[in-house]
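Below is one structure; the comments refer to it alone.
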2 protein chains.
Amino acid sequence: MTSTIKDVAALAGFSIATVSRAINAPHTVSPATLQTIRTAIDTLQFRPSPLGRQLRGERTRLVGVVVPTLSNPVFADCLQGIDELATAAGFKLILMTTEYDAARERHAIETLREQRVEGLILTVADADTHPLLDMLDRDGPHYVLMHNDTQRRPSVSVDNRRAAYDGVRLLTARGHRRVLMLAGSLAASDRARQRHLGYAQALEESGVATLPPVEVDFNAPELPDAVLAHLTAQATRPTALFCSNDLLAMVVMRGLRRAGFSIPDDLSVLGFDGIAIGELLAPPLASVATPNRDIGRHAWQRLVECIGGATIERTSLILPHVVRDGATVAPPATDLQLRKA
Amino acid sequence: MTSTIKDVAALAGFSIATVSRAINAPHTVSPATLQTIRTAIDTLQFRPSPLGRQLRGERTRLVGVVVPTLSNPVFADCLQGIDELATAAGFKLILMTTEYDAARERHAIETLREQRVEGLILTVADADTHPLLDMLDRDGPHYVLMHNDTQRRPSVSVDNRRAAYDGVRLLTARGHRRVLMLAGSLAASDRARQRHLGYAQALEESGVATLPPVEVDFNAPELPDAVLAHLTAQATRPTALFCSNDLLAMVVMRGLRRAGFSIPDDLSVLGFDGIAIGELLAPPLASVATPNRDIGRHAWQRLVECIGGATIERTSLILPHVVRDGATVAPPATDLQLRKA
DNA sequence: CTGAAAGCGCTAACAT
DNA sequence: ATGTTAGCGCTTTCAG
């Protein structure tokens, strides 16, 4: 392993230049020489160091990936999609997580630039107002956003507004009128805003007043009592909940069940993300499913195009979402039934 | 960003050596000079390229992580644990997945070595018989295994045999006698073998015959009919299932429910891994929980010790597991109850 | 077809 | 305190 091109050259009896050519342009070397050198390479188990190449200004074959967390399968799935294609293309992935923290986003991007990555695939909290992205636009490297909902920058996502709209329409179509939206603590994110817009629009079309969204820290082990109280107060009790992500939906459902409520009999629940595990729940979780792995794949493809020198498209690629029906959603209980319960 | 140490030197009016010192050993440079150089660095937005340093034989501050997949939260959690500490220590992580494929394991390790990673953290299918690990022992870089159950190599895991034993004892303590073990398609892995040993031992102590393990592809969308039939055949019907991982447990439970069986009334189910999502299920999944994030953290710490030149300990670090009781496990139905159902 | 040499960005002797 | 220089592993002119 610790053998260098010099060792090969010495063993084969040629100059390092010839060895280099034998590796990178075999046809420019005489067959006999090629043979000798290849033998030397094999016996020494020589593998050219990417560092030398990189330093020469060659491609590093390195791509940075920046996501908020891997605890959420949404991002693990995206990463999986990227990894499939990147590995096949001979690229290496450097991974950094941010925990939705701006300082860490900044640190990750800087670190990755130092490493001379050829491109960046990232999910940030708020794409439109992100100063570092402007810097990337100017100085490179190329980047593609995942899940960020913006028109101004290269990105791959779903139409969050529309997806939320379609999801909430499922609820209103079932007869729900009092629908509450629950958002994670990342309420500041661009996609959270879009989802809320879609939610509001759907309710509006049903002539229903939009209830104020409730913010929940879905990393907390338990659903806070205050939130639980809010969800179940008799006077204003919603008949359905629209959770801005599946993990949140699961935490909320558990909290409600512990408090003695039944889903969907007492309360319908709709998630967002469509993580695979949701389908394995009992009852299966209804959710607005985003094609996470495909988002990762497409992000990779767009990045490769950019790196390849294609005209840099500032446009966002919108992938289709699917409203996945599930047994956590049912028609609302009638007042009579409610009273009985 | 394309500015180099030369640019800084030129702008500041000093040699590149002085600039290098200003960065790496500020105290060896006069305050005035330092000031000038720092200003130049700021205006040029200069950040030293790790490539030059690396080539100089300096530390790359790169660590490779190799896991089978990120679709299984077990590994995503490990990675999360590693990432926390690695980022804090100023290291960068290069991630590669293998999908349990030997060829990909090989490719990943080679690629990472080429990148001159300072260390490797990995989960392989079978650690004891892995030839590449022998090579790493000889030529470096240092590595630490996660989850692999071996005495011969540096590793961090739980005692899989004991953990499975403790889990199955939970079942026998509840009165179960016919306990079937379900294993993923990775039945060849070292930990799968250990888990089966523990399972067998627990049953033996109850004086019960060990049933042959059933292999299930838990990546399949549906539980195959043949497997379902096996699990529910009246004659040999088990009263409890021990699944070698939680994802598998969830797939199996869904299949059983669709076939009209109730859990835990008709059949108890115990998982393995203790992924966080299991606790959110209804009913919460009983599982032998492994401290995945801690496994990642400890793996990191051991790796750092090795890199730091500590005596290379070939020993495995065993972390405690926890048998997490859950409502998917109940006493077996009596024959009477069964007949009723 | 092959070799000599320069240089990528940086650090570390060795000089001054 | 600062500058000069060699060289890390490699690719790539430019000459033979």
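Just so we're on the same page: letters track the sequence lines, and every chain starts at 1. Everything numeric in this text was worked out from a predicted model, so none of it was measured.
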Exercise. Do A:T39 and A:T36 get their side chains close enough for a donor-acceptor pair, meaning under 3.5 Å?
Worked result: no

Problem set entry | Step-by-step side chain to side chain donor-acceptor pair (under 3.5 Å) determination, A:D149 to A:S157 | CA-CA 7 Å; A:D149 205 321; A:S157 81; 4.7 Å; no

Problem set entry | Atom-pair distance (CG on A:D7; C1' on D:dC10), nearest Å | 13 Å

For this session: Tell me, with the steps shown, if B:H147 and B:N292 meet side chain to side chain donor-acceptor pair (under 3.5 Å).
Result: CA-CA 9 Å; B:H147 275 294; B:N292 298 314; 3.1 Å; yes

Problem set entry | Distance in angstrom units between B:Q35 CD and D:dA1 P, rounded | 17 Å

Seminar exercise, completed: Heavy-atom nearest nucleotide on DNA chain D taken for A:K6 and for A:N24; more 5' hit belongs to A:K6

Exercise. Picking from D:dT12, D:dT2, C:dC1, which would you name as closest to the side chain of A:T33?
Worked result: C:dC1

Exercise. Using a cut-off of 4.0 Å on non-hydrogen atoms, how would the nucleic acid contact of A:P50 be classed: base, sugar-phosphate, or nothing?
Worked result: nothing

Exercise. Can you check side-chain contact (heavy atoms from CB on, under 4.5 Å) on A:R293 and B:S71, steps first, answer last?
Worked result: CA-CA 10 Å; A:R293 187 177 287 217; B:S71 299; 3.6 Å; yes

Exercise. Could you state the CD1-C1' distance from B:I5 to D:dG3, rounded to the nearest angstrom?
Worked result: 13 Å

Exercise. Run the salt bridge (charged side-chain N to carboxylate O under 4.0 Å, His left out) check on A:D134 and A:R153 step by step: do they pass?
Worked result: CA-CA 9 Å; A:D134 291 324; A:R153 307 184 188 278; 3.1 Å; yes

For this session: Output the single nucleotide from C:dT2, D:dT4, C:dT11 whose closest atom is nearest the side chain of B:R53.
Result: C:dT11

Problem set entry | Bend angle of the helix from C:dC1-D:dG16 to C:dT16-D:dA1, from helix axes over five pairs at each end, nearest 10° | 50°

Problem set entry | Separation of atom CZ in A:F14 from atom P in D:dC10, rounded to whole Å | 18 Å

Exercise. Reckon B:S15 has a side-chain N or O less than 4.0 Å from the OP1 or OP2 of D:dG3?
Worked result: yes

Exercise. Just how far, in rounded Å, is C1' of D:dT13 from CZ of A:R21?
Worked result: 10 Å

For this session: Please report, rounded to the nearest Å, how far the P atom of C:dA5 is from the CD1 atom of A:I16.
Result: 11 Å

Exercise. Rounding to a whole Å, what distance do you find between B:L51:CG and D:dC10:P?
Worked result: 14 Å

Problem set entry | Whether B:N24 side chain and B:S20 backbone form a donor-acceptor pair below 3.5 Å | yes

Seminar exercise, completed: Closest to the side chain of A:S49, out of D:dC10, C:dT11, C:dG9, is D:dC10

Problem set entry | Listed nucleotide nearest any side-chain atom of B:S30, set D:dC10, C:dC10, D:dT2 | D:dT2

For this session: Grab the CD1-P distance between A:I37 and D:dT11 for me, whole Å please.
Result: 12 Å

Exercise. When rounded to the nearest 0.5 angstrom, what distance separates CD1 in A:I121 from CG in A:L79?
Worked result: 9.0 Å

